[in-house]
Amino acid sequence: MIDPVLLRENPDVIRASQVARGSDPGLVDVALQADADRRSALAAFEELRAEQNVFSKKVGQAQGDEKKALLAEVAQLAARVKEANAAATAADEAYTDAARKIQNPIIEGIPSGGEDNFVTLREVGTVPTFDFEPKDHLELGESLGAIDMTRGTKVSGARFYFLRGIGARLELALMNLALDRALEAGFVPLITPTLVRPDIMQGTGFLGEHSDEIYYLPADDLYLTGTSEVALAGYHSDEIIDLTNGPLRYAGWSTCYRREAGSSGKDTRGIIRVHQFNKLEMFVYTTPEEAEAEHDRLVAWQEGMLQSLGLAYRVIDVAAGDLGSSAARKFDIEAWVPTQDAFRELTSTSNCTTYQSRRLETRYRTESGKTAPVATLNGTLATTRWLVAILETHQQADGSVIIPEALRPYLGGMSVITPVGA
RNA sequence: GGAGACGUCGCAUAGUUCGGCCUAGUGCACCACCCUGCUAAGGUGGAGUCCUCGUAAGGGGACCGCGGGUUCAAAUCCCGCCGUCUCCGCCA
């Protein structure tokens, strides 16, 4: 939800943001009008209500004929109050609807344009080269007895898989490494619910144009979350949180569910794009002033993980047109995937400024003691997809895979994975 | 799944019988000042959240889990939902 004061006082900023995103700037004028309508309707109602309150008090004290007279007088007023109340409620809803359609104003200076207009901030690590024909992650995964796609499909359908043996262990090792890193950085670990109520899903901004990406259980009116961000954002909803000791940082682990409705035919091989995976997500509540600096810290923690795993990657500043509605700025880290001869997204970190917190009513006390919406940020610290880059990057000519040193303590010291039966 | 009890301004509670003296009282915690004087205590005052009008001072309105309804008037009556607790059943 956008800041109504910004809307009123500086609509041009929001218009410009809408244009940069390739969205409709006309929504700003609709919202402005709705805001004006809403306030005048509210004023009209409140004036009538004040009048009625005075009358009611008199009625309560009056007796006999005087009371009868007052009642006759006030009956009509009551009807008008009711009408005005309904009008004010309707106007308020109209404003909320209009305001919700407007996306989070982007942070000035981010790239404009669409998916291909990102700016590469830096490339780190050496892109691996091979003196043999590298195998892709699925071929490796199958020969290592780590990924079983065939049976995943048999049991659950396309885009489902089993992680098995060393594959299952590798994933848990990765998650544990990420969790330890998060703990070092002061994050509070949380294992989150993966089914959430509609208002929470709505509040995080996921029920907009991408609602067909989300699994829904009509019998229970619950949504399956595609990321623990949803539950983490809802964690402090409707609360006034204490930020005097610094940001609240949470590391949420959960299984994530995505319908991948709009991506049929894309990334159909292996575990790059699947309906279900695991993820350790960082989520931060902080002041709006601190948000941009925190955003940089989140990227740094992500880079630390990728570097420890020996992956080559680049950090990109995502263009306005490719941002979700909640994000004011987003950095993706893409790791090199040898058999695709391309960088593929492994992490994403968004600065949602106060957009989510306004919807979810998460506030803090400023130094002056007033309440104000907090800023929220989120970012990936590890997901199942990372296995793709790890397996492919560290493969050897004989089909074995060297385990990055950072993961070895979580695998009983194991340093290499060899093909099953080899 | 069945039965019952409950949900009040940070926490704990009063208020719900019989709708209006509730602009929701009290205790604790909190803030300021005063008194006292020091491992105490006492006094006075203040203080919730949100919206809205106003340059301001200061007004107005909403909020008693949430949403409806009845009424001139709802914390209080009615309906639905959510949640908590207790007991029973079921499962582990």
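Lettering follows sequence order; numbering is per chain, from 1. Quick note: numbers below take in every heavy atom, side chains included, and nothing from hydrogens, waters or symmetry partners.
The residues A:D212 and A:R259 are annotated as not salt-bridged, no charged nitrogen and carboxylate oxygen being separated by less than 4.0 angstrom. Look at A:R38 and A:D35 and you find a salt bridge, because one of the NZ, NE, NH1 or NH2 atoms lies within 4.0 Å of a carboxylate O, short of that distance. Note on A:E294 versus A:R249: salt bridge recorded, some NZ/NE/NH1/NH2 to OD/OE distance being below 4.0 Å. Note on A:E334 versus A:R314: salt bridge recorded, some NZ/NE/NH1/NH2 to OD/OE distance being below 4.0 Å. The residues A:E303 and A:R122 are annotated as salt-bridged, a charged nitrogen and a carboxylate oxygen being separated by less than 4.0 angstrom.
Comparing the P positions of B:G46 and B:G58 gives an interatomic distance of 14 Å, to the nearest angstrom. A gap of 12 Å separates the P atoms of B:G42 and B:G27, to the nearest Å. Taking atom C1' on both B:A3 and B:A12, the two are 29 Å apart, rounded to the nearest angstrom. Separation of the C1' atoms belonging to B:G7 and B:C63 is 15 Å when rounded to the nearest angstrom. Of the C1' atoms belonging to B:C87 and B:G25, the separation is 35 Å, rounded to the nearest Å. Across B:C35 and B:G20, the matching C1' atoms stand 43 Å from one another, rounded to whole Å. Nucleotides B:C77 and B:G15 are separated by 13 Å at their P atoms, to the nearest Å. Between B:U16 and B:C91, the distance separating the two P atoms is 45 Å to the nearest Å.
Judged purely by distance below 3.5 Å, without hydrogens or angles, the side chains of A:S326 and A:R359 never pair a donor atom with an acceptor atom. Side chain to side chain, A:E229 and A:Q356 meet the donor-acceptor criterion of an N or O pair below 3.5 Å.
In this entry B:C6 has B:G83 as its Watson-Crick or G-U wobble partner, both defining distances falling under 3.5 Å. Pairing of B:C50, defined by two Watson-Crick or G-U wobble distances under 3.5 Å, is identified with B:G61. Base pairing annotation: B:A32 forms a Watson-Crick or G-U wobble pair with B:U44, both donor-acceptor distances under 3.5 Å. Remark: B:G89 base-pairs with no nucleotide; criterion is Watson-Crick or G-U wobble with both hydrogen-bond distances under 3.5 Å. If you check B:G20 for Watson-Crick or wobble pairing at under 3.5 angstrom, you find it paired to B:C72. In this structure, B:U26 forms a base pair with B:A12, meeting either the Watson-Crick or the G-U wobble geometry with both donor-acceptor distances under 3.5 Å.
Residue A:R39 places none of its side-chain N or O atoms closer than 4.0 Å to OP1 or OP2 of B:C51. Phosphate proximity of B:A62 to A:R49: present, with a side-chain N or O under 4.0 Å from OP1 or OP2. For B:G48, neither phosphate oxygen OP1 nor OP2 lies less than 4.0 angstrom from any side-chain nitrogen or oxygen of A:K370. Residue A:R197 has no polar side-chain atom (N or O) positioned under 4.0 Å from OP1 or OP2 of B:C66. Dashed line: the shortest gap from a side-chain N or O of A:T371 to OP1 or OP2 of B:C50 is under 4.0 Å. OP1 or OP2 of B:A73 has not a single side-chain nitrogen or oxygen of A:N53 nearer than 4.0 Å. For the pair A:R38 and B:C51, the criterion of a side-chain N or O lying under 4.0 Å from OP1 or OP2 is not met.
Taking the nucleotide of RNA chain B with the nearest heavy atom to each of A:A372 and A:T89, the more 5' of the two is matched to A:A372. Comparing A:E47 and A:L42, the nucleotide of RNA chain B nearest to each residue sits closer to the 5' end for A:L42.
At least one test fails for A:R151 against the ring of A:F162: distance under 6.0 Å to the centre or angle within 45° of the axis.
Using a 4.0 Å heavy-atom cutoff across all strands shown, A:D92 reaches no nucleic acid atom at all. The residue A:R8 sits close only to the backbone: its heavy atoms come under 4.0 Å of sugar-phosphate atoms, none of a base. Residue A:Q52 is in sugar-phosphate contact alone, with no base atom involved, counting any heavy-atom pair closer than 4.0 Å across all strands shown. Counting non-hydrogen atoms under 4.0 angstrom, A:A43 reaches nothing in the nucleic acid.
For the pair A:L48 CG and B:U52 C1', the computed distance is 15 Å after rounding to whole Å. For the pair A:K57 NZ and B:C22 P, the computed distance is 9 Å after rounding to whole Å. Going from atom CZ of A:R363 over to atom P of B:G48 covers 13 Å, rounded to whole Å. Between A:D242 atom CG and B:C30 atom C1' there is a gap of 14 Å when expressed in whole angstrom units. Atom CG of A:D221 is separated from atom P of B:G83 by 11 Å (rounded to the nearest Å). Atom-to-atom, CG of A:L77 to C1' of B:U71 comes out at 14 Å; the value is rounded to the nearest Å. Look at CZ on A:F45: it is 12 Å from C1' on B:C63, rounded to the nearest Å. Look at CD on A:Q202: it is 20 Å from P on B:C66, rounded to the nearest Å.
Classification of the A:Y250-A:Y235 ring pair by plane angle, with boundaries at 30° and 60°, yields perpendicular. Aromatic ring orientation, A:Y223 versus A:Y216: tilted (interplanar angle from 30° to 60°).
The side chain of A:A50 has B:G61 as its nearest neighbour among B:A73, B:G61, B:U49. Of the candidates B:U49, B:G61, B:C72, B:G61 carries the atom nearest the A:E46 side chain, counting heavy atoms from C-beta on. The side chain of A:K82 lies closest to B:U70 when the candidates are B:U70, B:C72, B:G61.
To the nearest 0.5 Å, atom CZ of residue A:R365 and atom OG1 of residue A:T287 are 16.0 Å apart.
Within residues 28-35 of chain A, no residue places a heavy atom under 4.0 Å from RNA chain B.
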